[in-house]
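Read the structure below first, then the notes.
Each ligand, and each atom within it, is numbered from 1 in the order the structure gives.
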Amino acid sequence: MKRFLILVVTAVLLCGCSDSKEAGKDKAPEKELITVGFSQVGSESDWRMASTTSVRSAFEDGDKYNLIYDDAQQKQENQIKAIRKFIDQDVDYILLDPITESGWDSALQEARDSGIPVIVCDRRVAVADNDLYTAWIGSDFELEGKRACEWLKRFFEAQGYTEAVNIVHIQGTLGASAQIGRSAALEAAVRENPTWRLLDQQTGEFTQARGREVMEDMLKHFGDRLNLVFCENDNEAYGAIEAIRAAGRKTGTDIGNGEIMIVSFDSTRKGLEYTLDGTIALNTECSPLYGPRLTELVDALERGEKLSKETFVEEGQFSIYPEVSSTFIDGKNYEVMHLTQEVIDERAY
Ligand code: GYE
């Protein structure tokens, strides 16, 4: 595979030295950079910005890597174009955070035909042939959703709340792994808990603006009945909070007395600030800090090592309410962290 070559030109050359023999002697040797094309989803959320920063800084070693970054602006067609451009540029590796799971077979086949390994990160691809990508690293989104629902169930039990839980669900980008997993967990929990009702589901596209619009619409339709909003990320929760306040409703856990309870995902700094003051009742973490893991994977491939096909990142969960300190899911115990300002101060995003 062709490598991107850089010539480090010496100051002697730059200052116009005419003695070619001398210049040649002072010239640094040519260096081979590892060229990596990264197709990012967009810049729709705080989580996404943290992910971009993490990947960019992990690959910023200009003596080792040449990172070509492409922002797809939440459009899969832009990601497919970016992959084709990376193939034309003959990059060494492609990193792909796929907007949706479906629709990747031909683009990934083209990458494979060109001999370029594809590492998928964060969201997943659903392809007929799993050999079309080398490895995936990211979160267990369904587990995140199950942890949120189990916490809610345990919280209501602890409070002795047995009335109706009337839920509106602001989904992420439809077809994205984070949406598919978190939505599946909520839908299953609604089936299992007789007092839970799913009043409405609409996509908030993982953005604050759309989260606010969707919440306004839901408040208009369901009025006082609505007592819980399940947001699939923090930015949607920021938008929902704005809409709830503008409608004169209160956020909180006293849902039997008119408050609207909010649960969210990501655990960004602002999301956790809202969790610390009780505006968001529960925040389930999703880590965007996988940049260093990606350089490790690329370096391992450079050394000719075989990668595990899937790597899941570990994640936490935060709340200020002491009622539930852990959840038990599929035979495993998960701790719920009691949120304090110190916890927020130590966070990297
Ligand atoms: O939850 C959301 C972002 O794919 C896990 O995408 C990611 C999600 C994250 O826009 O904030």
Side-chain angles (χ1 to χ4, degrees), residues 38-55 71-76 78-79 95-104 119-126 136-148 169-186 202-212 214-215 229-241 262-275 280 282-291 293-294 310-318 347-349:
F38 174 37
S39 172
Q40 173 63 297
V41 167
S43 49
E44 73 283 2
S45 64
D46 293 4
W47 188 100
R48 185 64 51 201
M49 309 308 272
S51 133
T52 300
T53 305
S54 172
V55 176
D71 176 342
Q73 313 201 341
Q74 297 240 68
K75 291 201 178 76
Q76 189 185 34
N78 291 342
Q79 292 202 289
L95 303 180
L96 170 66
D97 189 331
I99 294 168
T100 51
E101 289 193 353
S102 60
W104 294 106
I119 300 173
V120 181
C121 53
D122 167 32
R123 302 180 187 175
R124 315 185 70 132
V125 291
W136 167 83
I137 176 166
S139 308
D140 185 337
F141 302 112
E142 189 165 358
L143 177 62
E144 292 173 354
K146 284 181 178 177
R147 289 174 68 176
H169 179 192
I170 306 183
Q171 297 175 288
T173 304
L174 298 180
S177 305
Q179 176 273 314
I180 294 171
R182 294 168 190 166
S183 292
L186 176 64
Q202 288 188 51
T203 178
E205 306 284 358
F206 285 129
T207 67
Q208 178 165 350
R210 193 85 192 104
R212 179 177 175 142
V214 165
M215 191 68 213
V229 51
F230 189 94
C231 300
E232 285 188 358
N233 82 339
D234 279 340
N235 289 74
E236 292 179 342
Y238 312 156
I241 292 163
I262 302 174
V263 293
S264 180
F265 295 85
D266 284 354
S267 304
T268 57
R269 184 168 298 273
K270 190 167 160 193
L272 287 182
E273 280 161 4
Y274 276 129
T275 312
I280 292 175
L282 172 73
N283 210 318
T284 304
E285 186 181 35
C286 180
S287 175
L289 306 176
Y290 48 76
R293 303 291 290 273
L294 291 172
E310 294 190 338
T311 311
F312 288 96
V313 296
E314 297 266 315
E315 297 172 323
Q317 198 170 39
F318 303 93
R347 302 277 297 168
Y349 68 98

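- By the side-chain hydrogen bond (donor to acceptor under 3.5 Å, both in side chains) test, Glu232 pairs with His169, Ser183, sequence neighbours left out.
- Under a cut-off of 6.0 angstrom, the local environment of NZ in Lys75 is sparse, with at most 12 non-hydrogen atoms contributed by other residues, nucleotides or ligands.
- Protein neighbours of ligand 1 below 4.0 Å, counting non-hydrogen atoms: Glu44, Ser45, Trp47, Arg48, Asp122, Arg123, Phe141, Ala178, Arg182, Phe206, Asn233, Asp266, Cys286.
- For Glu144, the side-chain contact (heavy atoms from CB on, under 4.5 Å) test picks out Ser139, Phe141, Arg182, Phe265, Thr284, Cys286, Glu315, with sequence neighbours left out.
- Taking the six-membered ring where the residue is Trp, Tyr238 and Tyr274 present tilted rings, their angle falling between 30° and 60°.
- Sparse packing is recorded around CZ of Arg293, with 12 or fewer heavy atoms of other residues, nucleotides or ligands lying under 6.0 Å away.
- The side-chain hydrogen bond (donor to acceptor under 3.5 Å, both in side chains) check on Glu205 picks up nothing, with sequence neighbours excluded.
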